Peer 1: 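Supplied in structure tokens, the structure appears directly below.
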Number of protein chains: 2
Amino acid sequence: MGLRELKRERTRRLIADKAFELFTDHGFGRTTVEQIAAAAEVGPSTLYRYFPTKETLVLEFVEDCLMDAVAWFREQPPVDLPDGLQAVIERVLEELERNPDRVRAVYEMADQTPSVSAHLQELIWRFREELTEELVRRLSGPDPQLVEFTAALSAGSAMNIIETVVRMWVDNPDGIDVKELAHRAMSLLRGGGIPLPAAPSDNAIHGP
Amino acid sequence: MGLRELKRERTRRLIADKAFELFTDHGFGRTTVEQIAAAAEVGPSTLYRYFPTKETLVLEFVEDCLMDAVAWFREQPPVDLPDGLQAVIERVLEELERNPDRVRAVYEMADQTPSVSAHLQELIWRFREELTEELVRRLSGPDPQLVEFTAALSAGSAMNIIETVVRMWVDNPDGIDVKELAHRAMSLLRGGGIPLPAAPSDNAIHGP
DNA sequence: TCGAATATGGTAGTCACTACCATATGACTG
DNA sequence: CAGTCATATGGTAGTGACTACCATATTCGA
């Protein structure tokens, strides 16, 4: 690897770290891009070459986790569909759990800044689309429309589980075991689509 | 109703219609807010009082469909959980199918404008949150965390089905029967979470 | 060491969006 | 009907994210 790419990675990390620092200290909305550039000792022009939008400074970490998981899944040998989805889900959750503080910070910013929330959702959507594409590539069937439908719905289910588990995790600081929760959700993936409580009395919905 | 609210609704509609016209003619990115305001013969200041962001000019219709469905569901008598979700899904799809051109236009803009896509996803996320909240209110159970989990996962499943069906619908101009597709998806909601094709040979995933 | 490829910094500008104020227009009271 | 109050509107000035562009500096291959 040349010196060029080394420096590039270094300044990239520097900018991202300084940005995260300023965001957590003063808030996303109260931090300008110029301030970040100044803190990283680069020009605003340079910053924009690395990060096309202000939001990517926050969400790049999550994006990496999701896209790495898809890339990993692409190289996996063929398996049963539920097994494959389970593997992807576990992979994403493991990567996210590597930096709990980072994940929590991202979700806090998303909660109080609509544009961050929007870009986060868009990120998740793109992950879902990539996963769908890979599932289509792997699934076989006579009806291509049915394959597309099946793949999209499956990818959505996986994304649903990931999102739900992560949200429960970040909302409950210390009372959540991600692995246990994910396991419970995944058993629903194999059983019924709707996670109905075990007791029959809990199956009913009560009015207002 | 006073003359005041009448005029307000009128100018609101006027702005939204002119905006949609300009967007479809020249594209979302190539239309400025000032142009829209000029076309509706109002000041930019007035426009921003009605629509806080440029994206809301596009997405208000979808937002109305989703939020109306939730509001409707809130007033429904208690029913079985799968039945309730099915009702919400049908409600949303019916409302969207009322203006097919509008829905198609929205998704086209979302496909070619990241900020529109982001705001659309954020809208869907908010719908999911509202639906989750209502499900929590209706569900009973000894463990509140399990209730929250169940509700979030259920709302996510409903949203997953809606999003998948709508996406298939807008991607295939005339070859999709929304009702039929929704029916198929909803049967999966009651059966297994993963939509596996009927033939056993289709259950396997094949490698690259 | 020289020239090509690329990374950087700065400038000028567009545009979405906000805060604020003066004015005009419906709405209600005597 | 006149007056007054609440609210709607239009305009101005500004912030800040983002783009296009160009001159300079740095790194790489020969």
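Owing to the predicted nature of the structure, the values given are computational and were not obtained by experimental measurement. Labels below follow one simple rule: chain letters A, B, ... track the order of the sequence lines, proteins then strands, and each chain is numbered from 1. All heavy atoms count here, side chains included; hydrogens, waters and symmetry mates do not.
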Peer 1: Take atom CD of Glu9(A) and atom P of dA7(C), then tell me their distance rounded to the nearest Å.
Peer 2: 12 Å

Peer 1: Distance to the ring centre below 6.0 angstrom and angle to the axis at most 45 degrees; does that hold for Arg102(A) and Phe20(A)?
Peer 2: yes

Peer 1: Choose from dC17(C), dG10(D), dT8(C) the nucleotide whose nearest atom is closest to any side-chain atom of Lys54(B).
Peer 2: dC17(C)

Peer 1: Counting distance alone, no hydrogens or angles: does the base of dG10(D) have a donor or acceptor under 3.5 Å from a partner atom on the side chain of Arg49(B)?
Peer 2: yes

Peer 1: Between Ser45(A) and Gly29(A), just flag the one whose closest nucleotide in DNA chain D comes earlier from the 5' side.
Peer 2: Gly29(A)

Peer 1: Do NZ/NE/NH1/NH2 and the carboxylate oxygens of Glu163(A) and Arg167(A) come within less than 4.0 Å?
Peer 2: no

Peer 1: Is Phe51(B) touching bases, backbone alone, or none of the nucleic acid, heavy atoms closer than 4.0 Å?
Peer 2: nothing

Peer 1: If you look only at pairs with a residue in residues 101-130 of chain A, which of them pass as a ring pair (Phe, Tyr, Trp, His ring centres under 6.0 Å), with sequence neighbours excluded?
Peer 2: none

Peer 1: Nearest to the side chain of Leu3(B) - dC17(C), dG26(C), dA7(C)?
Peer 2: dG26(C)

Peer 1: Quick one: Tyr48(A) OH to dC21(D) P, roughly how many Å, whole number?
Peer 2: 18 Å

Peer 1: Distance to the ring centre below 6.0 angstrom and angle to the axis at most 45 degrees; does that hold for Arg12(B) and Phe51(B)?
Peer 2: yes

Peer 1: Round to a whole Å and report the spacing from CZ of Arg10(B) to P of dG26(C).
Peer 2: 11 Å

Peer 1: Whole angstroms only, please: what is the CZ-C1' distance between Arg30(B) and dT14(C)?
Peer 2: 14 Å

Peer 1: If you look at every strand shown and take non-hydrogen atoms under 4.0 Å, does Ser115(A) touch a base, only sugar-phosphate, or nothing?
Peer 2: nothing

Peer 1: Less than 4.0 Å between a side-chain N and a carboxylate O, is that true for Arg126(B) and Glu130(B)?
Peer 2: no

Peer 1: Please tell me if Lys7(B) has a side-chain N or O lying less than 4.0 Å from either OP1 or OP2 of dA8(D).
Peer 2: no

Peer 1: Which residues within residues 11-27 of chain B lie with some heavy atom under 4.0 Å of an atom in DNA chain C?
Peer 2: none

Peer 1: Quick one: do Asp177(A) and Arg184(A) make a salt bridge, cutoff under 4.0 Å?
Peer 2: no

Peer 1: Check the distance between dT26(D)'s C1' and Glu5(A)'s CD and give it to me in whole angstrom.
Peer 2: 15 Å

Peer 1: With a 3.5 Å cut-off and just heavy-atom distances, do the side chain of Thr32(A) and the base of dG16(D) make a donor-acceptor pair?
Peer 2: no

Peer 1: Once you round it to whole Å, what is the distance between C1' of dC17(C) and CD of Glu34(B)?
Peer 2: 11 Å

Peer 1: What is the distance, to the nearest angstrom, from the CZ atom on Phe28(A) to the C1' atom on dA17(D)?
Peer 2: 10 Å

Peer 1: Does the pair Arg137(B)/Glu134(B) count as a salt bridge with the N-to-O cut at 4.0 Å?
Peer 2: yes

Peer 1: In whole angstroms, how far is the P atom of dC17(C) from the OH atom of Tyr50(B)?
Peer 2: 18 Å

Peer 1: Name the residue closer to the 5' end of DNA chain D, choosing between His119(A) and Arg4(B) according to the nucleotide with the nearest heavy atom.
Peer 2: Arg4(B)

